[in-house]
**Student:** 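Got a structure here, written out as structure tokens. Questions coming.
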Protein chains: 2
Amino acid sequence: MIIRIEAEADVPIYTQLTNQIIVGIARGEIIPGDSLPSVRAFAADLGVNMHTVNKSYHELEKRGIIKIVPKSGAIISPMEQITSEKQQQILSELKPVLAEALVLGVSKKEVQQLVGTILEEMKER
Amino acid sequence: MIIRIEAEADVPIYTQLTNQIIVGIARGEIIPGDSLPSVRAFAADLGVNMHTVNKSYHELEKRGIIKIVPKSGAIISPMEQITSEKQQQILSELKPVLAEALVLGVSKKEVQQLVGTILEEMKER
DNA sequence: AAATTTGTTCTATTAATTATAGAACAGTTT
DNA sequence: AAACTGTTCTATAATTAATAGAACAAATTT
């Protein structure tokens with residue numbers, strides 16, 4: 001899994017990392033049961049602080065995507081039953097992005113094609 | 001256009017406002033040429049600070065969605081030609097959200113249905 | 001068994017962000 | 001003329017983001 005961190009971006013480093021790990025899982029590059037690198041090893045690899053990686057891992061756990069086993073490691077969780085609360089969460093994240101696309105002049109058909117293209121590179125779980 | 005601000009949310013007030021204005025435009029509730037309320041009037045209406053609304057307006061202008069005319073007002077811009085830069089911007093915002101949905105157990109078909117549902121309440125420009 | 005690695009926890013510092021507040025200015029609108 | 005507009009300035013407070021180092025106890029590796 002290729003992680004690319006831009007230090008000067010306006011989105012926080014730990015958020016960039018969180019998002020790219022999620023995409024890596026969606027792509028099937030890492031699957032449920034797999035372990036993420038240790039916070040120290042990953043931090044050294046990316047050239048960021050240990051605590052920054054730790055923050056990203058806890059963000060992923062909070063969202064139900066990984067399970068952190070104390071003194072052991074961070075393991076990708078199996079698929080859960082989707083709750084209406086989480087569906088609401090996804091809706092509130094998705095709506096502004098789609099709205100922006102339309103406002104900037106992307107047609108509905110193009111939006112759906114873009115979504116289709118993105119989904120193509122991801123695996124069903 | 002109904003704006004709902006949650007002061008205790010983890011997303012900043014000016015971002016909440018920005019997003020809801022974008023959704024309002026996408027819905028066709030406000031159209032190109034329309035003016036947004038003055039920063040003072042809007043701030044008083046929402047119960048937030050003038051500078052917070054001002055920050056939201058400048059965020060919208062930065063994204064090419066409104067035009068601020070000094071000493072006059074904030075006007076919704078007409079649709080522009082979509083640039084590849086903006087398309088890339090939308091892609092980088094959309095991808096993590098779709099990935100999260102899949103990782104949390106939403107099927108590709110359900111994602112596309114969800115996108116379709118969101119698009120239904122919005123107007124083509 | 002010993003050494004290393006693990007996530008956790010603690011203090012600490014720096015910089016940036018977020019939100020509020022008030023005042024003053026000059027141009028626009030009523 | 002009066003009211004309203006966005007702009008600009010200083011100011012303050014709270015939070016967030018990122019880094020740093022140290023120490024701990026449990027798990028893993030050698």
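Only a predicted model underlies this, so the values are computations on that prediction, with no experimental measurement involved. Every chain is numbered from 1, with letters handed out A, B, ... down the list of sequences.
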**Student:** Hey, does the side chain of B:S38 come within less than 4.0 Å of D:dT5's phosphate (OP1/OP2), counting only N and O?
**Tutor:** yes
**Student:** Round to a whole Å and report the spacing from NZ of A:K71 to C1' of D:dA27.
**Tutor:** 9 Å
**Student:** Where does the chain B footprint on DNA chain C start and end, counting 5' to 3' with a 4.0 Å heavy-atom cut-off?
**Tutor:** C:dT18 to C:dT28
**Student:** Please report, rounded to the nearest Å, how far the P atom of D:dT10 is from the CG atom of B:N49.
**Tutor:** 17 Å
**Student:** Note the angle between the end axes of the helix from C:dG7-D:dC24 to C:dT30-D:dA1, five pairs defining each, rounded to 10 degrees.
**Tutor:** 40°
**Student:** Any chance CD of B:Q88 has more than 12 other-residue heavy atoms, nucleotides or ligands included, within less than 6.0 Å?
**Tutor:** no
**Student:** If I take atom NE2 in residue A:H51 and atom C1' in nucleotide D:dT16, what distance separates them, rounded to the nearest angstrom?
**Tutor:** 16 Å
**Student:** Are A:K55 and A:E59 within salt-bridge range, i.e. N to O under 4.0 Å?
**Tutor:** no
**Student:** Examine distances only and state if a side-chain atom of A:E100 and a backbone atom of B:I90 form a donor-acceptor pair shorter than 3.5 Å.
**Tutor:** no
**Student:** On DNA chain D, check which nucleotide each of B:R40 and A:G47 is closest to and give me the residue with the more 5' one.
**Tutor:** B:R40
**Student:** Is there a donor-acceptor pair under 3.5 Å between the side chain of A:E80 and the backbone N or O of B:G105?
**Tutor:** no
**Student:** Kindly check if the number of other-residue, nucleotide or ligand heavy atoms within 6.0 Å of NZ (B:K108) is above 12?
**Tutor:** yes
**Student:** According to a 4.5 Å side-chain heavy-atom criterion applied to Ile, Leu, Val, Met, Phe, Trp and Tyr, with indirect links allowed, do A:I75 and A:I68 form part of one hydrophobic cluster?
**Tutor:** no
**Student:** I'd like to know if A:M79 and A:I25 are part of one continuous hydrophobic network [Ile/Leu/Val/Met/Phe/Trp/Tyr, side-chain heavy atoms within less than 4.5 Å].
**Tutor:** no
**Student:** Which pair of non-hydrogen atoms, one from A:L17 and one from A:S56, has the smallest distance, and what is that distance?
**Tutor:** CG-OG, 3.7 Å
**Student:** Quick check on DNA chain C: between B:P70 and A:G73, whose nearest nucleotide comes earlier from the 5' end?
**Tutor:** A:G73
**Student:** Hey, are A:Q89 and A:E85 close enough side-chain-wise for a donor-acceptor pair under 3.5 Å?
**Tutor:** no
**Student:** In residues 8-21 of chain B, what residues come within less than 4.0 Å of DNA chain D, judged by heavy atoms?
**Tutor:** none
**Student:** Kindly give the heavy-atom pair with the smallest separation between B:I118 and A:K95, and that separation in Å.
**Tutor:** CG2-CG, 4.0 Å
**Student:** Donor-acceptor check, side chain of B:Q112 to backbone of A:G116, threshold 3.5 angstrom: yes or no?
**Tutor:** no
**Student:** Taking the nucleotide of DNA chain D with the closest heavy atom to each, which residue, B:E61 or A:T52, is nearer the 5' end?
**Tutor:** B:E61
